[in-house]
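Below, read A as the first sequence line, B as the second, and so on, with proteins coming before strands; counting in each chain starts at 1.
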Amino acid sequence: MTNLTTILSTVTASFIASFVEVVEAFTIVLAVGITQSWRPAFVGTGLALLVLAVLVLIFGPLLTLIPIELLQFVIGTLLILFGMRWLRKALLRSIGVLALRDEDRNFAAETEELERQKADKRANYLAGLAAFKAVLLEGTEVVFIVIAVGATRGLTVYAGLGALAAFLVVLAIGLVVHRPLSRVPENALKYVVGLMLTTFGIFWTGEGIGADWPGADLSLIGIFVVVTTTAVTLTRWLKGSAAIAAKGMVR
Amino acid sequence: MRLVQGLIEEVFGLFIDDGNLALLSVILVAVVAALTKLLGVPPLVAAGVLLVGCLLILSVSVFRAATKR
């Protein structure tokens with residue numbers, strides 16, 4: 001059964017996850033455009049989008065051949081791995097164990113690299129390749145996210161719309177500010193996406209083994225609350241422990 | 001060639017960051033599937049085990065990384 005809860009959670013998860021990935025790709029494409037020229041930036045981006053479209057056209061129809069329970073089980077398992085990886089990283093960043101991602105620093109590093117390559121005869125090619133790689137690699141993640149959150153319920157179009165909206169929003173903001181989107185609260189977004197993807201993963205793996213969740217799709221909300229409560233409690237506890245340890249060291 | 005290798009690494013890296021977290025998660029899913037298919041445990045109970053197991057694995061992984069500092 002597909003209801004509003006499923007559609008909204010699918011679109012939201014796809015939008016936020018894709019937003020984070022598009023911001024990362026945008027930083028590199030912007031660096032190429034500003035440092036070298038916009039031609040290789042657009043050619044590299046266009047070619048990468050073409051490759052991604054071909055991949056979707058090849059692998060998309062194959063998914064319809066897989067029995068739904070097996071699809072739910074496999075995609076659910078991959079989502080658990082993917083979601084918990086994001087959640088772990090976001091948790092560790094929020095308690096200060098890992099450094100926060102800094103788009104300004106990444107932009108500066110990419111710009112420096114491109115400046116070094118300017119004397120090279122192949123500078124345009126290398127710049128275009130940098131844009132191509134960035135869009136292809138981040139785009140691969142977006143494609144996986146769209147398929148993973150959409151395929152098991154036949155909501156790939158909704159998930160795709162969420163990703164497209166993220167792309168357009170980042171592009172619109174990027175055109176206005178014309179600099180890396182460093183003020184985007186990337187870790188908070190990754191935290192939320194990690195929670196959502198882990199929730200989807202547990203839900204679909206459960207369905208894949210034949211579980212009839214109480215309340216059907218509405219149980220997504222219940223699982224989300226349990227996962228969120230655990231993550232928030234863990235964060236607070238570890239932050240508290242770190243603060244106590246720091247006080248102890250001062251003494 | 002390096003691009004293809006990078007792409008493969010990126011796809012692999014989508015799912016695996018901390019090896020322990022990934023391995024334990026896969027083992028948990030396999031155990032849960034075996035519980036229902038081989039031992040006849042009700043699927044909803046197995047799904048509950050999956051939920052609790054995932055949260056335990058995540059908590060232990062984060063705790064270990066945080067206390068390693």
Distance-minimising heavy-atom pair for [X] and [Y]:
| X | Y | answer |
| --- | --- | --- |
| A:Pro214 | B:Leu44 | CD-CD1, 3.9 Å |
| B:Ala46 | A:Ile209 | CB-CD1, 3.8 Å |
| B:Ser25 | A:Leu81 | CB-CD2, 3.8 Å |
| B:Ala47 | A:Gly206 | CB-CA, 4.1 Å |
| A:Met84 | B:Cys54 | SD-O, 3.5 Å |
| B:Leu51 | A:Val226 | CD2-CG1, 4.3 Å |

Return yes when atom CZ of B:Phe63 has more than 12 non-hydrogen atoms of other residues, nucleotides or ligands closer than 6.0 Å, and no otherwise. no
Check whether B:Thr36 gets within reach of chain A through its side chain, its backbone, both or neither, counting any heavy atom under 4.5 Å. side chain
Residue B:Ile57 versus chain A: region with a heavy atom under 4.5 Å: side chain
Okay, A:Phe73 and chain B: the region with an atom under 4.5 Å from a heavy atom over there is side chain
Is it the backbone or the side chain of A:Leu234 that comes under 4.5 Å from a heavy atom of chain B, or both, or neither? side chain
Residues in salt bridge (charged side-chain N to carboxylate O under 4.0 Å, His left out) contact with A:Glu24, at least two apart in sequence or another chain: A:Arg101, A:Lys190
Nearest 0.5 angstrom please: B:Leu21 CG to A:Arg85 CZ, how far? 10.5 Å
Trace of the side chain to side chain contact (heavy atoms under 4.5 Å, CB included) decision for A:Thr205 with B:Val32: CA-CA 9 Å; A:Thr205 307; B:Val32 162; 5.8 Å; no
For B:Leu58, the option from A:Thr198, A:Leu91, A:Ile80, A:Thr230 that meets side-chain contact (heavy atoms from CB on, under 4.5 Å): A:Leu91
